[in-house]
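First comes the structure, then the notes that go with it.
Being a predicted model, the structure only gives us computed values, none of them experimental. Every chain is numbered from 1, with letters handed out A, B, ... down the list of sequences.
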Protein chains: 2
Amino acid sequence: MPTDESASAFSAEPPPASSTKKRTRRRMTGKERREQLLDIGRTLFAERGFEGTSVEEIAHKAGVSKPVVYEHFGGKEGLYAVVVDREMRRLLDMVTGALTGGHPRELLEQAAFALLDYIEQYTDGFRILVRDSPVAQSTGTFASLISDIATQVEDILGREFKSRGFDPKLSPLYAQALVGMVALTGQWWLNVRKPKKAEVAAHLVNLAWHGLDGLEQKPRLIGHRRS
Amino acid sequence: MPTDESASAFSAEPPPASSTKKRTRRRMTGKERREQLLDIGRTLFAERGFEGTSVEEIAHKAGVSKPVVYEHFGGKEGLYAVVVDREMRRLLDMVTGALTGGHPRELLEQAAFALLDYIEQYTDGFRILVRDSPVAQSTGTFASLISDIATQVEDILGREFKSRGFDPKLSPLYAQALVGMVALTGQWWLNVRKPKKAEVAAHLVNLAWHGLDGLEQKPRLIGHRRS
DNA sequence: TGCCATACTTACGACGCCGTAGGTTACGGA
DNA sequence: TCCGTAACCTACGGCGTCGTAAGTATGGCA
């Protein structure tokens with residue numbers, strides 16, 4: 001069950017020492033170690049939050065001592081910043097990359113599906129993005145990074161709105177609403193895993209597109225590409 | 001600007017000592033102090049999170065020393081638990097209390113409006129509910145308390161679904177989607193305050209009811225009671 | 001083979017925070 | 001006016017954590 005990308009190619013703990021001789025621990029290149037620390041940090045931040053995670057623990061899980069972390073990132077905040085930055089990039093890339101197709105409904109489908117994809121593939125990253133950043137007011141005054149993501153999606157809606165004769169000033173509102181819909185449902189789905197992802201996506205699009213009034217019984221995705 | 005209810009009737013700091021004689025500090029009854037600590041705790045937890053808040057700081061802001069907090073709540077977790085419990089009660093009361101009217105669309109309107117109301121009136125409480133709980137897996141495996149709230153709303157949807165011939169197994173999904181929609185939008189709205197609350201509610205209901213396809217240009221609330 | 005940059009360590013100082021032991025003050029009633 | 005109870009305080013022990021100073025091993029390359 002591939003929960004999260006884990007590039008760490010080696011066991012974090014030193015090998016069980018089959019021989020009496022103390023097996024000299026594998027030495028990584030700077031880059032390798034850096035990536036490994038990022039992976040571990042992401043995992044820990046996701047499950048304990050920023051303040052709840054200690055540098056010592058990160059270092060320990062990497063089978064390494066504290067100063068190594070300081071060497072690479074200058075501290076906890078540094079590491080966290082890089083983790084968050086990468087996840088935001090990734091999510092944004094996935095969402096915008098999925099926005100193919102001209103029909104607005106197709107766009108909606110792709111976006112929703114991409115977000116669910118991200119949530120499934122990079123669960124830890126998603127958990128971090130949903131939490132509050134420690135250095136609040138960094139980007140502005142947004143409470144959650146996800147809310148921030150939504151603002152980057154709103155221009156897509158804005159264009160659509162304009163072409164339909166709606167007030168484009170409302171696009172941020174609707175963007176937040178749509179993202180919130182998918183995000184919270186995704187969060188819930190992570191713990192239930194009951195309907196399959198594609199089915200969840202179909203229902204979400206069904207709701208977003210037709211509304212409660214025109215709800216269909218057995219919704220199907222139209223422009224569905226990847227599994 | 002009444003951001004949050006703040007029952008604290010006295011300044012937290014001791015009076016600036018106008019005379020040379022050390023002005024003896026006001027003494028509260030147990031109940032008063034308890035409420036005051038809850039207020040302060042709510043505020044601090046909202047802005048710094050659970051782990052980021054220290055008992056010392058809470059006590060200090062109350063113009064009191066640490067052991068007082070321990071006397072009343074037995075520790076940080078105790079205080080936090082009470083704060084969370086009260087906020088969940090409050091939100092739930094407001095939402096369920098607003099569910100009057102028979103037409104499903106009216107129900108939706110009332111609920112959405114109530115949630116926005118709560119967000120506006122008890123901002124700090126909302127911020128706490130949106131964050132993760134420190135003792136995760138306490139209620140189950142839910143990441144956010146809001147998600148938990150949604151599950152308590154789903155049976156309303158469930159009934160409606162059954163009467164419409166939809167699969168009631170899907171009501172949790174749609175409940176999460178609807179709550180997520182309002183919650184994230186509310187969070188965003190807290191920092192923008194651009195359209196008025198009633199207008200936001202109208203648009204949200206518009207989206208939830210008609211969907212993107214049947215969007216109306218100037219939505220109006222129907223069963224709108226209080227301001 | 002020997003050098004040396006780079007990866008990594010042990011050890012420590014300082015600080016903040018949790019939680020408690022035990023003493024002190026105010027206040028209301030007899 | 002005295003006394004008991006409820007509200008509150010000072011002072012500490014202990015722990016975990018951050019971040020740094022200074023030294024050690026490793027392995028590629030001349």
Protein-nucleotide distance (B:Glu35, atom CD; D:dA7, atom C1'), rounded to Å: 16 Å
Under-3.5 Å donor-acceptor pair between A:Arg27 side chain and D:dA25 base: yes
Side-chain H-bond candidate by donor/acceptor type, B:Tyr174 with B:Glu154, under 3.5 Å: no
Step-by-step salt bridge (charged side-chain N to carboxylate O under 4.0 Å, His left out) determination, A:Glu57 to A:Arg48: CA-CA 11 Å; A:Glu57 192 173 4; A:Arg48 301 209 212 297; 2.4 Å; yes
Atom-pair distance (CZ on A:Arg34; P on C:dT6), nearest Å: 16 Å
Protein proximity profile, nucleotides 12-18 of chain D - base contact B, sugar-phosphate-only contact S, no contact -, cut-off 4.0 Å on heavy atoms: -----SB
Nearest-Å distance for atom pair CD1/C1', residues B:Ile58 and D:dC8: 17 Å
Interatomic distance where NE2 belongs to B:His60 and P belongs to C:dC18 [whole Å]: 15 Å
B:Glu71 CD to C:dC18 P, straight-line distance once rounded to whole Å: 17 Å
Minimum-distance pair of heavy atoms, taken over all atoms of B:Ser171 and B:Leu157: O-CD1, 3.9 Å
Nucleotide C:dC18, atom C1' - distance to NE2 of B:His72 in whole Å: 18 Å
Lys NZ or Arg CZ of B:Arg131 over B:Phe50 ring: under 6.0 Å, within 45°: no
Spacing of A:Met28 atom CE relative to D:dA25 atom C1', expressed in whole Å: 17 Å
Length of the line joining B:Phe73:CZ and C:dC18:P, which is rounded to integer Å: 15 Å
Spacing of B:Asp39 atom CG and B:Ile58 atom CD1 [to the nearest 0.5 Å]: 12.0 Å
Minimal non-hydrogen separation, A:Leu107 against A:Leu99, with atom names: O-CD2, 3.7 Å
